[in-house]
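Predicted, not measured: the structure shown is a model, and the values here were computed from it. Index from 1, following the sequence. Just so you know, ligand 1 is whichever comes first in the structure, and atom 1 is the first atom listed for that ligand.
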Amino acid sequence: MAAPHVLIVEDEASQREILAYNLAAEGYGVTRAETGDEALTLFRESQPDLVVLDWMLPGVSGIEICRQLKRAGEGRAVPVIMLSARTEEQDRVRGLETGADDYVTKPYSVAELMARVRAQLRRSRPGSVGQTLTYDDISLDPESYRVHRDTREIKLGPTEFRLLATFMEKPGRVFSREQLLDRVWGRDIYVDSRTVDVHVGRLRKALGVHGGADPIRTVRGAGYSLG
Ligand code: CA
């Protein structure tokens, strides 16, 4: 499946680069924003899986950004880790009250921050950090690349595997063809959206090879969902 993508919002260049370097070393995709306004624009454009957000920013503050992200439809599900030089308990509470999912005080240890990033992703995108995903009688192990349906192994090509992993991370959620292209093929690759239909067809066929109902639902005019 596509590696998780992290949006870093930090106005201090050296801090931003340290974060970007360490996140990239963990295999994550990285987008950098220097100001609040830039953060909001890049959030929409890069559709990150997680945001690391500095509290003290010139212009729109981190608190306000967090509030806006958590208000916006799809953005609400994206975890936000707030960074702050403030240490008072009251500030921490205020940070969490704006909807931040975690709060880290500067100066922080990079190892600790990376652990917290992983913890948030384990919750929001479990497959991307190696957790086995299950849905009904289907299980998918992202580390061994194995898929089973009811005890029997299902053989999938790499694209079908990533497609199934994307569906299994959010059962019931309807993905548009464009969203599937972004998550499964990657955001910089041009693929015709009909390609999605072809691979969904292959995935359905593979999942049904030993019998069982078709778990993938076609939502006319919208896309596909699992269940
Ligand atoms: Ca700052």
J.: Under a 4.0 Å threshold between the charged nitrogen and the carboxylate oxygen, would Lys70 count as salt-bridged to Asp101?
T.: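 Yes, Asp101 and Lys70 are salt-bridged.
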J.: Could you grab the protein N, O or S atoms closer than 3.0 Å to the Ca ion (ligand 1) for me?
T.: Asp11 OD1, Asp54 OD2, Met56 O
J.: Answer yes or no: is there an ion pair linking Glu34 with Arg32, defined by an N-O contact shorter than 4.0 Å?
T.: no
J.: Tell me, do Lys106 and Asp54 make a side-chain contact under 4.5 Å, heavy atoms counted?
T.: yes
J.: Is there a side chain to side chain donor-acceptor pair (under 3.5 Å) between Gln68 and Arg71? Walk through the geometry before answering.
T.: CA-CA 5 Å; Gln68 293 195 27; Arg71 236 190 344 239; 5.0 Å; no
J.: Between Glu169 and Arg183 (salt bridge meaning N to carboxylate O under 4.0 Å), is one present in this structure?
T.: no
J.: Using the side chain to side chain donor-acceptor pair (under 3.5 Å) criterion, which residues pair with Asp136? Sequence neighbours excluded.
T.: none
